[in-house]
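In the text below, chain A, chain B and the rest are named by the order of the sequence lines, each starting its count at 1.
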Number of protein chains: 2
Amino acid sequence: MEPSGAGAPTIYDVADRAGVSIATVSRVLNGHTNLRAATRQRVMDAVGELKFVPNGAARGLSQGLKKVVGIVFDGVPATDDLLSVEEETLLFSDSIVRGAEAGASQLGYSLLLNSAGGSSGDPERTINGLTGKVDGLILLDRVLPERRVAPLAKRIPMVLLAGSGRTRSAVTVRVDNAAAMADVAAHLVSGHGFRRLAFVSGLAASPDSTTRAQSFVASVTELGGTVQPLEAWAADWTSGGAARATRQWLESGGELPEGIACANDQMAIGVMHVLAGAGVKVPEEVAVVGFDDIPVVRHLSPALTSVRQPSRQLGATAVEVLVGLVEGRPPASRDIVLPTQLQIRGSCGCRAEHHGLLSETWDLGV
Amino acid sequence: MEPSGAGAPTIYDVADRAGVSIATVSRVLNGHTNLRAATRQRVMDAVGELKFVPNGAARGLSQGLKKVVGIVFDGVPATDDLLSVEEETLLFSDSIVRGAEAGASQLGYSLLLNSAGGSSGDPERTINGLTGKVDGLILLDRVLPERRVAPLAKRIPMVLLAGSGRTRSAVTVRVDNAAAMADVAAHLVSGHGFRRLAFVSGLAASPDSTTRAQSFVASVTELGGTVQPLEAWAADWTSGGAARATRQWLESGGELPEGIACANDQMAIGVMHVLAGAGVKVPEEVAVVGFDDIPVVRHLSPALTSVRQPSRQLGATAVEVLVGLVEGRPPASRDIVLPTQLQIRGSCGCRAEHHGLLSETWDLGV
DNA sequence: TTGTATGCGTTATCAG
DNA sequence: CTGATAACGCATACAA
């Protein structure tokens with residue numbers, strides 16, 4: 001790639017070679033119909049010979065559409081250390097990104113990737129700068145505080161991914177937390193016949209957590225069960241927090257519930273850890289259910305029953321909606337909700353534990 | 001985001017508001033020094049009030065630099081099914097992408113993400129089209145056959161990621177396969193005192209596989225050990241292939257080696273699976289070592305000793321080199337090699353197996 | 001120190 | 001059906 005004297009070919013070069021005007025070149029490039037077949041062919045030939053590729057910047061300038069959408073996710077510690085619990089969760093946003101990429105390329109758009117927590121410090125500055133490079137923006141939940149998104153959303157098409165759904169300032173694409181927890185409740189109460197349940201919540205400030213908690217309590221109650229005081233089982237999304245809550249409940253002489261639903265998988269792991277330490281058998285004495293279905297939970301013993309989110313779909317849908325917004329097509333709804341699926345494994349008592357080297361999903365095909 | 005009558009503010013708007021020319025606005029925006037403080041302030045104020053953000057397309061057009069680099073990875077089946085073995089490997093490229101993003105944003109560039117195997121069918125077309133939107137391209141190994149990259153590399157700055165290193169047409173950033181396998185050999189032979197080893201190879205056509213094989217054999221031999229015939233343990237990167245090879249060796253009455261090194265983790269898993277089925281104890285009777293250190297191997301029993309690649313670093317370095325290329329700084333080398341690290345766990349006999357609910361890396365912090 | 005004018009590569013609006 | 005030519009928003013060489 002030395003600075004070739006010629007530089008990249010432009011439509012002028014193509015026009016010259018084909019013996020037509022640049023307007024004509026532009027026309028064939030953009031698939032216009034009113035063109036003599038011979039002319040079109042000459043141009044195509046020239047394009048091929050010159051290996052011409054239109055300059056995206058020029059195109060974007062001219063038609064005011066860059067055909068690029070950005071996606072912003074929360075930053076990650078820059079360490080290249082061992083994978084941590086934290087990093088395991090990343091697979092979630094990675095899947096979303098992959099889905100978004102697929103959706104974008106299918107629509108003829110490109111995906112610009114950005115972490116918000118990057119070295120640059122201020123996420124708002126980062127996002128704002130992005131604004132000039134894209135036609136629209138997808139923000140993963142929590143990259144920007146609620147009140148910051150409204151002004152931004154007025155300046156550029158934007159969709160919130162996995163947000164609370166209560167935001168009125170931007171279109172939201174998310175998962176049906178309420179329905180998911182209703183499923184869990186139904187499985188535990190109606191399916192297993194449990195009556196006394198508990199719910200381990202994440203940070204109180206989190207809409208995800210409160211939605212899941214409320215739905216679980218409501219569903220369980222409606223089905224004739226009871227949920228132990230939420231405050232007693234309140235945690236903070238982390239394994240450690242959930243472990244602490246569990247231990248305190250145990251030490252305070254609290255009655256062991258028949259089933260424990262957790263607002264995420266990390267906390268379910270923490271709970272199971274403490275239970276194991278206390279000699280409480282899962283699922284024989286108490287069932288445990290998680291949320292997110294992160295990859296590692298299949299390898300626990302027993303494998304964790306959890307709510308699986310359609311992460312790929314989430315990304316793809318977000319892009320579809322965003323591109324629609326960009327191109328002037330209003331979304332079907334300003335709050336798009338995708339279904340979850342309860343992934344049933346051993347921790348709720350449905351299956352025997354799997355103690356082999358590999359879990360059931362590792363099909364060797366031999 | 002209704003089509004605001006005004007449209008996004010331009011530097012003309014800013015210039016008007018600040019009572020200066022667009023040239024001056026451009027200057028303060030680009031941090032020029034010869035500017036009266038008062039003037040600069042007026043412009044900055046106007047920028048703030050208008051919430052002006054420069055149009056990336058216009059900027060790119062004008063200065064011939066889009067400040068965007070693209071990264072192309074191999075496509076993924078669009079299914080949103082359960083994670084498969086295949087998908088577990090994705091974390092590798094996901095980490096690379098994250099590293100690349102971090103590197104790019106630190107250098108003031110953005111990262112354009114593209115899968116090659118996308119729905120569009122032809123990867124070469126996809127990549128070629130990308131060319132117009134970016135200043136440079138990073139290709140993950142195998143997205144394009146060797147002979148296809150040369151012509152492309154002549155037209156746009158490009159770095160190959162995790163390639164063979166033998167490509168002369170583009171700069172390569174990769175991992176030191178040879179040193180990694182030398183480490184493995186040293187650990188097995190010098191560390192554990194094993195003499196009779198075996199190596200499970202991937203597809204014969206793969207440079208990664210042959211490099212690893214050659215290095216392993218050479219190192220073991222030099223240290224006074226022997227390696228069983230490579231052909232007997234030849235596989236195809238998959239768990240199934242490795243399982244087959246292992247079973248055949250066992251059934252043919254082949255002597256059990258003291259240690260088995262595998263060209264990747266999937267195959268190590270296949271090997272362990274068959275050994276377990278045959279009642280051969282790992283690591284007591286035979287040690288097994290993998291390559292890549294994919295997340296799941298820590299949860300196997302015993303946990304797999306494996307070669308960890310600095311995937312994040314790989315991505316960041318690739319971007320650094322690429323941006324250097326774009327901006328006219330020649331790379332220190334056309335074949336940049338990063339070190340690996342042997343991650344020692346139980347499968348080689350170094351540690352006792354861990355049979356708890358959680359592996360050692362799950363520190364609950366309680 | 002600041003303003004004027006030109007070019008960057010495309011698309012699109014006119015004529016012809 | 002095709003060819004001039006004017007934007008598009010910004011950076012910059014050249015003047016002042």
**OP:** Measure the CG-CD1 distance between B:Leu161 and B:Ile138 for me, rounded to the nearest 0.5 Å.
**Re:** 6.5 Å
Subject >> Atom pair distance, as rounded to whole Å: CG in A:Leu29 and P in C:dA12 >> reply: 12 Å
Original post:
Does B:Asp13 use its side chain to pair, donor to acceptor, with the backbone of B:Thr10 at less than 3.5 Å?
Top reply: yes
Subject >> Reference residue B:Leu112; test side-chain contact (heavy atoms from CB on, under 4.5 Å); the match among B:Leu130, B:Val69, B:Val72 >> reply: B:Leu130
Original post:
Side chain of A:Arg155, backbone of B:Lys51: donor and acceptor closer than 3.5 Å?
Top reply: yes
Every protein N/O within reach of nucleotides 2-6 of chain D N/O, cut-off under 3.5 Å:
| residue | atom | partner | partner atom | Å |
| --- | --- | --- | --- | --- |
| D:dT2 | OP1 | A:Thr39 | OG1 | 2.3 |
| D:dT2 | OP2 | A:Arg36 | N | 3.1 |
| D:dG3 | OP2 | A:Ser21 | N | 3.1 |
| D:dG3 | OP2 | A:Ser21 | OG | 3.2 |
| D:dG3 | OP2 | A:Thr24 | OG1 | 2.5 |
| D:dG3 | N7 | A:Arg27 | NH1 | 3.3 |
| D:dG3 | O6 | A:Arg27 | NH2 | 2.4 |

Subject >> Near-strand residues of residues 50-69 of chain A, defined as heavy-atom separation under 4.0 angstrom from DNA chain D >> reply: A:Leu61, A:Ser62
Subject >> Whole-Å gap separating C1' (D:dG9) and CG (B:Asn30) >> reply: 13 Å
Subject >> Whether A:Asp135 side chain and A:Val326 backbone form a donor-acceptor pair below 3.5 Å >> reply: no
Subject >> Between C:dT2 (C1') and B:Ile11 (CD1): distance, integer Å >> reply: 14 Å
Original post:
Any salt bridge between B:Arg174 and B:Asp335, counting N to O under 4.0 Å?
Top reply: yes
Original post:
B:Met158 and B:Leu139: side chain to side chain contact (heavy atoms under 4.5 Å, CB included), yes or no, with the steps?
Top reply: CA-CA 7 Å; B:Met158 163 171 312; B:Leu139 260 43; 3.8 Å; yes
Subject >> Side-chain donor-acceptor contact under 3.5 Å, A:Gln41 with A:Asp45 >> reply: yes
